[in-house]
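The block underneath contains the structure these notes are about, expressed in structure tokens.
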Amino acid sequence: MTFGLVFEQLLNGVQFGVMLFLMAAGLTLVFGIMNLVNLAHGSLYMVGAYLAVAATAWTGNFALGAALGLAGALLVGMVVEVVALRTLYERDHLDQVLATFGLILFFNELVAIVWGRAALYTSLPAWLQGHVELFTGSRYPVYRGLVIVVGLLVAVALWYVVTRTRIGMLVRAGASNRTMVAALGVNIRLLYTVVFGFGAALAGLAGLMAGPIYAVQPGMGELILIQVFVVIVIGGIGSIRGALVGALVVGIVDTLGRAFLKPLLGSVISPPAAEAAGPALASMLIYLLMAVVLAVRPEGLFSSRGS
Amino acid sequence: MGSRARVVFWSAAIVLLALLPPVVAALKEPFYLDLMRRVMIFAIAAISLNLILGYGGLVSFGHAAYLGIGGYAVGILAFYGVYSGWLQWPLAMGASALVALAIGAVSIRTSGIYFIMITLAFTQMLYFLGVSLEMFGGDDGMRIKTRSQFSGLVDLSDPVAFYYVVLVLMLASMYLVHRLVNSRFGMVLRAAKSNEARSRAIGFSPYLYRLAAFVIAGALCGLAGALLANHTAYITPDFMHWTRSGEIMFMVILGGIATGAGPLLGAAVLLVVESLLAGWTEHWQAILGPLLILSVIFFRRGLAGVLPGARDG
């Protein structure tokens, strides 16, 4: 186990973490502001991935395809909000969970009808295929590096928009008192639609960036969604700062666990036992982490709603 | 709607269910016996969820976990050549209760959306554990060659006998939950749901009551898992898939939350609609999804709220 290998896996963890963050930020924003539990957030991730793949094949240009996929996710998100979710803000969480569960079934089947059930694999354009040498003996894929940079840029932009701009001010005001903001003459319904569409676009961005790394297939959204729940529970609901910290912790713990738990266990217990226990334990690691955090802080690390 | 409608409803339901096997045999349609047995097994799972969700207000999105644990208990014992149902079924319930105790101890400390997410996450963890159990088939699961044996008392490989076993267990589960929610224990549980602060003020800490209900519900659902494993003669991690949890939850809501007959009605309607749609198109989930959304938005009382006499167990 060389330092280079550990460093590379650490970067992979950060890369997974920023994708979790893009998902978690939208989900926590929608929950903090509209008090809506949106299980279908993973579907928007999947829609972003599929639309980007289709648009890339259609235009023949990766960047253009990504932009179209992003716009498509934004649009789908806003339509879903207006058609299905708007009536659910006043309902309890149980109704929201069931209705958005219905949305998941619908979207998974819809993409299966359009694109089939088999996984799609996409190839990267030449300028994203190479590796960069970080230091002697350690090379890292350009594309994964790009994902990290984009994710961190979005995190900074999100912080700026929410805390330093007028629309961010409205968003925060809407989170603390919907009626008051509406009374001051702000079109709160429109604001909600825009925020939801924005969250959908973030999920779509995560999805389209995931496309070339993982397989694009029906149900891909739910796998990451449940990990995003772990992120939000650890970070604290409604807190974007918590989402960032939680996402990076979960991303790094999960990646390092999958890479190094088996060899580490192998040096303590017998190799065949480690062969069996390693993968099982690695896939359970983030849930155990969540249990520990909850036992110490039931409200998560940064439990400040709406900030 | 008094008690007369209730007596009529329950007598009719029990007579209809008891008469199904001879009717099905006369019509030579064994498929419906199979379907109804499946409905009643899922009804047991929904009855157990209704105890914590309906009466306790604990929105658990991970109830399929116990279906899986109950199923794997039967499957793993059968794998090692232990076929006795006297051992398999209590073990299925005991293991489910133990896991429910661990999950409940952590998650009941939280509430609201945290609780939903945490129960879902823990179930996903168990799902991945099932996938990684290469010895017991991993992702593909494994076949259970021999159904549970009860020292010659009943033979589960006889579909009609198995049907009546499930029917009796379902009615017993309904009766158990009915007695529970109307006992002192159930009063505290329901009081904590409707007003936690007030129930604390009169001296009841809800935590232990909720945890106890959570464990009982887990054990009961573990029994449903043992039955389901016998029904399908197969066990896979898909028993614990999160969509399963969603389906059980939907059965409770569709049937009518916190009602006696709701879980059975919900399970019957959902599984019958599913099998009708699945017979019609491969893409039935694209139709089921919007139906689910519409029923949440427009059909809030549930089936038991519409049928006279079905509200109370």
Side-chain angles (χ1 to χ4, degrees), chain A residues 31 35-37 39-40 83-85 87-88 91-110 112-113 117 219 222-223 225-230 232-233 236-237 275-288 290-292 294-295 298-300 303, chain B residues 53-54 57 59 61 102-103 105-135 138 241-243 245-247 249-250 252-254 257 281-298 300:
Chain A
F31 181 77
N35 197 21
L36 174 77
V37 185
L39 291 187
V83 172
L85 299 181
T87 51
L88 293 170
R91 300 287 193 85
D92 58 16
H93 291 153
L94 184 59
D95 285 355
Q96 298 173 353
V97 162
L98 282 170
T100 50
F101 174 61
L103 276 178
I104 292 178
L105 296 183
F106 174 71
F107 274 112
N108 279 345
E109 211 52 50
L110 191 68
I113 292 172
R117 283 187 208 282
E222 284 69 67
L223 281 180
L225 180 79
I226 295 169
Q227 288 166 319
V228 170
F229 282 170
V230 174
I232 290 182
V233 168
I237 293 169
E275 190 73 35
L281 198 58
S283 62
M284 290 166 66
L285 209 53
I286 59 170
Y287 305 102
L288 297 177
M290 177 183 82
V292 171
L294 280 175
E299 299 282 295
S303 58
Chain B
L53 193 157
V59 185
F61 202 152
I103 293 180
V106 175
S107 48
I108 295 173
R109 285 161 52 91
T110 68
S111 62
I113 175 162
Y114 277 99
F115 187 80
I116 300 174
M117 290 185 183
I118 292 160
T119 47
L120 177 59
F122 277 127
T123 303
Q124 188 73 359
M125 177 179 96
L126 291 170
Y127 173 78
F128 283 127
L129 183 66
V131 169
S132 65
L133 289 175
E134 291 295 339
M135 217 172 134
H241 199 257
W242 69 275
T243 53
S245 302
E247 278 176 2
M249 197 191 237
F250 184 53
V252 174
I253 310 303
L254 180 68
I257 189 167
T281 165
E282 178 202 349
H283 301 292
W284 53 276
Q285 289 198 330
I287 302 165
L288 185 70
L291 279 181
L292 215 159
I293 300 169
L294 289 176
S295 73
V296 168
I297 294 178
F298 295 112
R300 301 186 63 180

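Quick note on labels: first sequence line is chain A, next is B, and so on, each numbered from 1.
- For Ile104(A), the part lying near chain B is the side chain, with the backbone staying farther off; criterion is any non-hydrogen pair under 4.5 Å.
- Counting heavy-atom pairs closer than 4.5 Å to chain B, the top residue among Leu223(A), Leu110(A), Leu288(A), Val97(A) is Val97(A).
- Distance check: Ile293(B) CD1 to Phe101(A) CZ gives 11.0 Å after rounding to the nearest 0.5 Å.
- For the pair Tyr287(A) (side chain) and Leu126(B) (backbone), a donor-acceptor distance under 3.5 Å is absent.
- Proximity to chain A (any heavy atom under 4.5 Å) is shown, for Ser295(B), by neither the backbone nor the side chain.
- Taking Ile113(A), Leu281(A), Val37(A) one by one and counting their heavy-atom pairs under 4.5 Å with chain B, the maximum is reached by Ile113(A).
- For Val230(A), the part lying under 4.5 angstrom from a heavy atom of chain B is the side chain only.
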Criterion side-chain contact (heavy atoms from CB on, under 4.5 Å) on Arg91(A) and Val296(B), from CA distance to verdict
CA-CA 10 Å; Arg91(A) 300 287 193 85; Val296(B) 168; 4.3 Å; yes
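- Heavy atoms of Ile286(A) lying under 4.5 Å from chain B are absent altogether.
- Interface check for chain A: of the options Phe122(B), Phe128(B), Trp242(B), the most heavy-atom pairs under 4.5 Å are formed by Trp242(B).
- Using a 4.5 Å cut-off between heavy atoms, Leu133(B) makes no contact with chain A at all.
- Contact record, Leu120(B) with Phe229(A): CD2-CE1, 3.3 Å, taken as the closest heavy-atom pair.
- Rounding to the nearest 0.5 Å places CD of Glu222(A) at 9.5 Å from CD of Gln124(B).
- Among the candidates Met135(B), Met125(B), Arg109(B), the residue making the largest number of heavy-atom pairs closer than 4.5 Å to chain A is Met125(B).
- Leu105(A) contributes atom CG, which lies 6.0 Å from atom CG of Leu288(B) (distance to the nearest 0.5 angstrom).
- Listed here is the closest heavy atom pair of Gly236(A) and Tyr114(B): CA-OH, 3.5 Å.
- Leu292(B) CG to Thr100(A) OG1: the interatomic distance, rounded to the nearest 0.5 Å, is 9.5 Å.
- In this structure, the separation between CG on Leu98(A) and CG on Leu254(B) is 9.5 Å, given to the nearest 0.5 Å.
- The choice from Val59(B), Ile118(B), Ile116(B) that makes the most heavy-atom pairs within less than 4.5 Å of chain A is Ile118(B).
- In this structure, the separation between CE on Met117(B) and CD1 on Ile232(A) is 4.5 Å, given to the nearest 0.5 Å.
- Note: Ile113(B) leads Val106(B), Thr110(B), Ile113(B) in heavy-atom pairs under 4.5 Å with chain A.
- Using a 4.5 Å cut-off between heavy atoms, Met290(A) touches chain B through its side chain atoms alone.
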If you apply the rule side-chain contact (heavy atoms from CB on, under 4.5 Å), what do you find for Leu39(A) with Phe61(B), and how did you get there?
CA-CA 11 Å; Leu39(A) 291 187; Phe61(B) 202 152; 3.2 Å; yes
